[in-house]
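To start, the structure under review is shown below, and the notes come after it.
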Amino acid sequence: MAINTQELSALIKQQIENFKPNFDVTETGVITYVGDGIARARGLDNAMSGELLEFANGTYGMAQNLESTDVGIIILGDFSAIREGDMVKRTGKIMEVPVGPELIGRVVNPLGQAVDGLGAIQTQATRPVETPAPGVMQRKSVSEPLQTGIKAIDALVPIGRGQRELIIGDRQTGKTSVAIDTIINQKGQDIICIYVAIGQKESTVRSQVETLRQYGAMDYTIVVTASASQPSPLLYIAPYAGVAMAEEFMYNGQHVLIVYDDLSKQAVAYRELSLLLRRPPGREAYPGDVFYLHSRLLERSAKVSDALGGGSITALPFIETQAGDISAYIATNVISITDGQIFLQENLFNSGIRPAIDAGSSVSRVGGSAQIKAMKKVAGTLRLDLASYRELEAFTQFGSDLDSATQAKLNRGRRTVEVLKQPLHKPLPVEKQVLILYALTHGFLDSVPVQDILAFEVALYDYFDTHYEHLLATIRETKDLPEETKLDAAIQEFKNQSNFN
């Protein structure tokens, strides 16, 4: 058979032109050390800080220390199957997590993987866990209130959308309860909530999720959990994963509330990693960049300008103190980063004043900008009244005779403390908070025995719901008080018809 050389050469040329080499070029390294959640590897000369690396068993790690001889890697998952001499390869990607509305209502780990047994989550987008915070010109001032539903907070230390308000106190003083009640109160407020549980027991997280589900709050909430049994790298990365998820909503013009429960445990996890990576220890054995650990996280909470969509991230970071010591290293760091703090006191909690908020030490640096006009009017003198009552209370322990003005101040103070008490998981709409605080500051409670205050409050709400819903609606819609004569007459009418005179 004759071979047409021209056809053959044309065929060979075509094959050469269409040839695509299928080389998989990846930079790999060899593990030289594996410890508690960290590894060291040689050969990854071009690795980037924060780059995702893949181990031979499919577990991922993140490049943390870039040194002249090797790379320090934090292992994001189970490290028991990783051995010295194993291969580790670069992925070329910076550490990122899945983001988007598909995560709402789910419980995920810091890598964005579902841990609630409801199947895998199919998300459309991812975001890097570390991104620069919005600059000054990209921000707007905080002006809209974020209602927590807790009288003592909304009246004394108001929180605005885009603010960072620290919640600080000893363990078992009701910090998590404040956050859970705040999340429950966001129902119908067009706010997405993200609850980041760092170093909590899995049973505790499960009960918090059940509470949120019971009150219908999981419909707008994402829970990110890195439990106490997880390796330290996951506890360290969890808050960053949470805020990356929040940023996706913020830059799409939505409002987000994110709770970090708690950053003390994140700092401890970071200290552990840093010491294992041979970074020099500083004060209280924390590394020198522990301030930056929290500042670069909390600076990402903001109210962004209209050009960026006008969304916001409001942050409630938690810090656990030891014996009420707010001058400790991590506590003072986070106080200086945030826009105010709510200090929960153990002795108030144990004496039945719940939420156990210490009005003297608590402050909001946004203040009246984060309150509606009606609340500003009724809560104006409340903090001073409460602070002077605490001083007088200490003074009267000596049993001296008191003049009538001092006696009146003490009586008003006792009633104020009683009014600011609130049952667990019973957040109040702002119009009802305004109503009871108006009754308090205008003297309607002065004749009511202290032990009957809470019963008076419940009965007052019921009476207004039935007979004066239009007055509550006025506060809700106009954000201002209705005519004071009408409000006075309605409260007096309630007192006359009830047994609280």
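The figures here come from the full heavy-atom set of this structure, side chains too, leaving out hydrogens, waters and symmetry mates. Just so you know, residue 1 is the first one in the sequence shown, and it goes up from there.
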Hydrogens and angles aside, do S141 and S143 bring a side-chain donor and acceptor to less than 3.5 Å of each other?
no

Any K201 side-chain heavy atom under 4.5 Å of S227 side chain
no

Donor-acceptor pair, R271 side chain versus Y286 backbone, under 3.5 Å?
no

For the pair Q433 (side chain) and L428 (backbone), establish whether a donor and an acceptor sit closer than 3.5 Å, ignoring hydrogens and angles.
yes

Side chain to side chain, T221 and V223, heavy atoms closer than 4.5 Å:
yes

Sequence neighbours left out, cut at 3.5 Å: what donor-acceptor pairs do the side chains of residues 30-44 make with other protein atoms?
unit_1 : atom_1 : unit_2 : atom_2 : d
T32    : OG1    : R40    : O      : 3.3
R40    : NH1    : D70    : OD1    : 3.3
R40    : NH2    : L277   : O      : 3.1

Distance-only side-chain donor-acceptor flag, Q266 / Y270, under 3.5 Å
no

For N185 and T148, which I'm curious about, is there any donor-acceptor pair between the side chains at under 3.5 Å?
no

Heavy-atom closest pair (I168 atom, A331 atom, distance to 0.1 Å) is CD1-CB, 3.8 Å

D325, CG atom: more than 12 neighbouring heavy atoms under 6.0 Å:
yes

Step by step, would you call R279 with D289 a side chain to side chain contact (heavy atoms under 4.5 Å, CB included)?
CA-CA 10 Å; R279 291 181 175 178; D289 64 342; 3.9 Å; yes

Please name the pair of heavy atoms, one in F349 and one in A356, separated by the smallest distance, quoted to 0.1 Å.
N-CB, 3.4 Å

Distance, nearest 0.5 Å, that separates CG of L66 from CE of M48:
10.0 Å

Qualifying residues under ring pair (Phe, Tyr, Trp, His ring centres under 6.0 Å), relative to F318, sequence neighbours excluded:
none

With distance as the sole criterion, is a donor-acceptor pair present between the side chains of T131 and R300 under 3.5 Å?
yes

Working to the nearest 0.5 angstrom, can you tell me the gap between T416 OG1 and L386 CG?
6.5 Å

Heavy-atom check, side chain of R390 versus side chain of V417, under 4.5 Å:
yes

With no hydrogens and no angle check, just 3.5 Å: does a side-chain donor-acceptor pair link E67 and N65?
yes

State whether R127 and E96 are salt-bridged, where the test is any N-O pair (Lys NZ or Arg NE/NH1/NH2 against Asp/Glu carboxylate O) under 4.0 Å.
no

How about E391: does its CD atom have over 12 heavy atoms from other parts shown lying under 6.0 Å from it?
no

Looking at R283, I want to see if its CZ is surrounded by more than 12 non-hydrogen atoms of other residues, nucleotides or ligands under 6.0 Å.
yes

Closest non-hydrogen atom pair, D45 against E27
N-OE2, 2.9 Å

Quick one: do D219 and K187 satisfy salt bridge (charged side-chain N to carboxylate O under 4.0 Å, His left out)? Show the steps, please.
CA-CA 9 Å; D219 298 344; K187 193 169 190 174; 5.6 Å; no

Presence of salt bridge, K303 and E144, under 4.0 angstrom
yes

Smallest separation among heavy atoms of M245 and V108, with atom names:
CE-CG2, 4.0 Å

Would you check if the side chain of S362 reaches a backbone N or O of F343 as a donor-acceptor pair within less than 3.5 Å?
yes

L53 and K89, any side-chain heavy atoms less than 4.5 Å apart
no

Less than 4.0 Å between a side-chain N and a carboxylate O, is that true for K93 and E51?
no

What I want to find out is whether K426 reaches D181 closely enough, with some N-O distance under 4.0 Å, to be called a salt bridge.
no

Do L146 and H255 pass the side chain to side chain contact (heavy atoms under 4.5 Å, CB included) test, and can you show the C-alpha distance, the side-chain angles, and the key distance before you say yes or no?
CA-CA 10 Å; L146 182 131; H255 298 284; over 6 Å; no

Residues that S232 engages under side-chain hydrogen bond (donor to acceptor under 3.5 Å, both in side chains), provided they are two or more places apart
E272

List the residues meeting ring pair (Phe, Tyr, Trp, His ring centres under 6.0 Å) with Y60, not counting sequence neighbours, and say none if there are none.
none

Can you list the steps and then say if V419 with L437 is a side chain to side chain contact (heavy atoms under 4.5 Å, CB included)?
CA-CA 8 Å; V419 162; L437 292 172; 4.1 Å; yes

Answer yes or no: is there a donor N or O on one side and an acceptor on the other, between the side chain of T123 and the main chain of E102, under 3.5 Å?
no

Looking at P158, is its backbone amide N or carbonyl O close enough to the side chain of D154 to form a donor-acceptor pair, meaning the two atoms are under 3.5 Å apart?
no

What I want to check is whether the side chains of Q208 and T176 have a donor and an acceptor closer together than 3.5 Å.
no

Side-chain donor or acceptor of Q163 paired with backbone N/O of G340 under 3.5 Å
no

Decide yes or no for L212 and I183: does some side-chain heavy atom of the first lie under 4.5 Å from some side-chain heavy atom of the second?
yes

Using 0.5 Å steps for rounding, measure from the CD1 atom of I337 to the OG atom of S301.
11.0 Å

Would you please say whether a donor-acceptor pair under 3.5 Å links the side chains of T321 and D170?
yes

One thing to verify: whether R164 and E299 come together as a salt bridge, which I'm taking to mean a side-chain N less than 4.0 angstrom from a carboxylate O.
yes

Answer yes or no: is there a donor N or O on one side and an acceptor on the other, between the side chain of Q422 and the main chain of G149, under 3.5 Å?
yes

Examine distances only and state if a side-chain atom of S351 and a backbone atom of L348 form a donor-acceptor pair shorter than 3.5 Å.
yes

Atom CD of Q122 with >12 non-hydrogen neighbours under 6.0 angstrom
no

Donor-acceptor contact below 3.5 Å, side chain T59 vs main chain F55:
no

Would you say Q189 and Y220 make side-chain contact, with heavy atoms under 4.5 Å?
no

By side-chain hydrogen bond (donor to acceptor under 3.5 Å, both in side chains), which residues pair with E457, not counting sequence neighbours?
K151, Y461

If you measure from the Lys or Arg side-chain nitrogens to the Asp or Glu carboxylate oxygens, is any gap between K265 and D262 under 4.0 Å?
yes

Strictly distance-based, threshold 3.5 Å: is any side-chain N or O of T314 a donor or acceptor partner for the main-chain N or O of G162?
yes

Nearest heavy atoms of P110 and L234, plus distance in Å
CG-O, 3.4 Å

Under the side chain to side chain contact (heavy atoms under 4.5 Å, CB included) test, which residues partner A56, sequence neighbours left out?
none

Could you verify whether a donor N or O on one side chain and an acceptor N or O on the other, from Y236 and Q64, lie under 3.5 Å apart?
yes

Are the side chains of L297 and V243 in contact, using a 4.5 Å heavy-atom criterion?
yes

All heavy atoms of A155 vs all of A379, minimum pair found to be O-CB, 3.6 Å

Taking the basic N atoms (NZ, or NE/NH1/NH2) and the acidic carboxylate oxygens, is any pair closer than 4.0 Å for E418 and K421?
yes

